[in-house]
Amino acid sequence: MKEFSWKNRSQVFIATLLLIAIWEIAAIIIDNSIYLPTVEVVVKNLGQIIVQDDFFLNIYYSMYRTLVSFMIALILALIAGIASSFTMIIRNILRPINALATSIPTMILVVLSLIWFDKNNAPYIVGVFIVFPLLFDAVTSSIDSVDKNLVEMAKVYKVSTIEIIRKIFFPAIKFQVLGMFISSFSLAFKVVIAGEVFGQPKYGIGTVIQYEKMNFNTEAIFAWIVIIALISFFLGLLQNLGKKSMFRWMT
């Protein structure tokens, strides 16, 4: 297993180096930083961005909006998912809403949010609306996978509904949600940034990207892409650590 893991890591590392090499060659051939800057120029801009006074403020506000949106979506998904396990009415009502949320392009949702809400709240609305269907499906699928005989036995022994939810449903939900945490949180992070690009709140990664786009500063935009990728990578590491701590009993 360890050899397989190291083999995968080495292949990913080689693929990353190859991608950087292709990027550098393409940038040299194009020879126009507005279209595609070189790696060296992007790294230089990356250093300039990091030392700016509002660098951490922009990251903080984007992460804060993402976390709030994700937690609201998760709480709503837990409430709706658990409630739907006791009555199919809620699940049937939410099906067309979820289908609508997954079919609407993100940009259209961002525009509508800006029309209906102010620029500071639009990123939250977009994040919740996009992530909720994923988390709701995760919650309902984890509850559906629970052994129905176990639930029926708990009812026979007059176990309270709260205890059924806490001792039977929650463990299944916990593992399911943790398994898709990074993908859903990263998706919320991206759509929140998209909301910031159009909404232009005072601080946020999307606000900075829109400002750099207006100034045709492609080098800075690429630098922020690198920063976003590093943040996503760091979130992946946190998820792996969380999985190891939660599944330690399995090893």
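Note that the numbering runs from 1 along the sequence shown for the chain.
To the nearest 0.5 Å, atom NZ of residue K202 and atom CG of residue D54 are 10.0 Å apart. We find the CG-CD1 distance between L18 and I14 to be 9.5 Å, quoted to the nearest 0.5 Å. Here the OG1 atom belonging to T140 is positioned 9.5 Å from the CG atom belonging to L94, to the nearest 0.5 angstrom. How far CG of N58 is from CG of D53: 11.0 Å, rounded to the nearest 0.5 Å. Expressed to the nearest 0.5 Å, how far OH of Y61 lies from CG of N120 amounts to 10.0 Å. With rounding to the nearest 0.5 Å, the separation of OG in S142 from CG in D137 is 10.5 Å.
Looking only at side-chain heavy atoms (C-beta outward), T207 and V197 stay at 4.5 Å or farther from each other. Using a 4.5 Å heavy-atom cutoff, the side chains of L112 and W116 are in contact. Looking only at side-chain heavy atoms (C-beta outward), F198 and Q210 stay at 4.5 Å or farther from each other. Side chains of V131 and F185 form no contact here, defined as non-hydrogen atoms less than 4.5 Å apart.
Evaluation of the salt bridge (charged side-chain N to carboxylate O under 4.0 Å, His left out) test over residues 186-198, restricted to residues two or more places apart or in two chains, returns R65-E196. The salt bridge (charged side-chain N to carboxylate O under 4.0 Å, His left out) analysis of residues 18-35, with sequence neighbours excluded, yields no pairs.
When all heavy atoms of S232 and F189 are compared, the pair lying nearest together is OG-CD2, 4.5 Å. Across all their heavy atoms, S184 and F70 have their closest contact at OG-CE1, 3.3 Å. Here the closest non-hydrogen pair linking A122 and S113 is CB-CB, 3.9 Å. Across all their heavy atoms, P37 and A27 have their closest contact at O-CB, 3.5 Å. Of all heavy-atom pairs between F132 and A73, the closest is CD1-O, 3.7 Å.
In terms of hydrophobic clustering, with Ile, Leu, Val, Met, Phe, Trp and Tyr side chains grouped at heavy-atom distances under 4.5 Å, I90 and I75 are assigned to different clusters. Cluster membership for V192 and L109, using ILVMFWY side-chain heavy atoms within less than 4.5 angstrom, is not shared. Transitive grouping of hydrophobic side chains (ILVMFWY, heavy atoms separated by less than 4.5 Å) brings I205 and F55 into a common cluster. Hydrophobic clustering (side-chain heavy atoms under 4.5 Å, transitive across Ile, Leu, Val, Met, Phe, Trp, Tyr) keeps F129 apart from I79. Criterion: ILVMFWY side-chain heavy atoms under 4.5 Å apart, direct or through other members. Under it, V51 and L46 are not part of a common hydrophobic cluster.
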>> Set out, in order, the CA-CA distance, both residues' side-chain angles and the distance that settles side-chain contact (heavy atoms from CB on, under 4.5 Å) for W23 and T38, then state yes or no.
In response: CA-CA 7 Å; W23 170 10; T38 62; over 6 Å; no
> Given the rule in the side-chain contact (heavy atoms from CB on, under 4.5 Å) test, do I72 and Y124 qualify, once you have shown the distances and angles that lead to the verdict?
Replying inline: CA-CA 9 Å; I72 292 175; Y124 295 102; 5.7 Å; no
>> Go through it in stages, so that I can follow the logic: the residues are L36 and N32, the test is side-chain contact (heavy atoms from CB on, under 4.5 Å), and I'd like the CA-CA distance, side-chain angles, deciding distance and then a yes or no.
In response: CA-CA 6 Å; L36 185 63; N32 190 331; over 6 Å; no
>> Would I20 and V39 count as a side-chain contact (heavy atoms from CB on, under 4.5 Å) here? Give the steps.
In response: CA-CA 8 Å; I20 293 174; V39 177; 3.9 Å; yes
What pairs of donor and acceptor atoms, side-chain ones from residues 214-228 against any protein atom, are under 3.5 angstrom apart with sequence neighbours left out?
| from | atom 1 | to | atom 2 | distance (Å) |
| --- | --- | --- | --- | --- |
| N215 | ND2 | Y211 | O | 2.8 |
| N217 | OD1 | A220 | N | 3.4 |
| N217 | ND2 | E212 | OE1 | 2.9 |
| T218 | OG1 | I34 | O | 2.5 |
| E219 | OE2 | S33 | OG | 3.2 |

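You'll find the ring centres of F56 and Y60 outside the 6.0 Å limit.
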